[in-house]
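What you see below is based on every heavy atom in this structure, not just the backbone, and it leaves out hydrogens, waters and symmetry mates. All values derive from a computational prediction rather than experimental measurement.
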Amino acid sequence: NLKTVVVFPRIQDENSNDGSGDGDNDQGGSSSGVGGSASFLPKGSPKEMIALASKTVFESMVKSRCQTWSQKKGCMAAIGEIKTTLETLEQKLLQGNPLADAEQTFYDQVSSTVLEEKQAY
């Protein structure tokens, strides 16, 4: 019996602006309920999932992925960093500076009130 494994190398598209090189359109939803992706945070990172998840999806993620106290503490630290980033973007806007496309998308998708609710959970 002979088994064959075919491995395709990751090819980066020089024309893509987000640097991921996969050429996928980031406008589609995801099956995890996280929604569209912001290239401001690394794609698929825990911070991105925390920032873009709805409150119900966030609660189920915490129950399934953060069983220990230290994991929950890390999640709260990530929320704090996301809030700091959001405040930095707000300060940039208040100074009259325009946001880059990735920053604008992130700012539009993440709400400080939702982050407060997630942190209270």
With rounding to the nearest 0.5 Å, note down the distance linking CZ in Arg65 to OG in Ser60. 9.0 Å
Say whether, by atom type as modelled, one donor and one acceptor occur between the side chain of Lys118 and the main chain of Ile50 under 3.5 angstrom. yes
Looking at Glu48 and Lys43, is there a salt bridge between them, counting it only when a charged N and a carboxylate O are closer than 4.0 Å? no
Under 3.5 Å: donor-acceptor pair, side chain of Gln71, backbone of Gln67: yes
Identify the two heavy atoms, one from Cys66 and one from Lys72, that lie closest to each other, and give their separation to 0.1 Å. O-CE, 3.0 Å
Would you kindly confirm whether Val114 and Val110 end up in one hydrophobic cluster when ILVMFWY residues are joined by side chain heavy atoms under 4.5 Å apart? no
How many angstroms lie between atom CE of Met61 and atom OG of Ser54, to the nearest 0.5 angstrom? 8.5 Å
What distance do Leu94 atom CG and Leu89 atom CG have between them, rounded to the nearest 0.5 Å? 11.0 Å
Run the salt bridge (charged side-chain N to carboxylate O under 4.0 Å, His left out) check on Glu59 and Lys55 step by step: do they pass? CA-CA 6 Å; Glu59 290 173 0; Lys55 188 172 186 301; 2.5 Å; yes
CD1 of Ile79 to CG of Leu86, rounded to nearest 0.5 Å, is 12.5 Å
Let me confirm one number: the CG-CD distance from Leu93 to Gln91, rounded to the nearest 0.5 Å. 9.5 Å
Is there a side-chain contact between Phe58 and Met49 in this structure, where contact means two heavy atoms from C-beta onward sitting under 4.5 Å apart? no
On a heavy-atom basis, the closest approach of Ala51 and Phe106 is CB-CE1, 4.3 Å
Taking atom CE of Met76 and atom CD of Glu81, what is their separation to the nearest 0.5 Å? 12.5 Å
So which heavy atom on Val62 is nearest to which on Cys75, and how close? CG2-SG, 4.4 Å
With sequence neighbours excluded, residues passing side-chain hydrogen bond (donor to acceptor under 3.5 Å, both in side chains) with Asp101: none
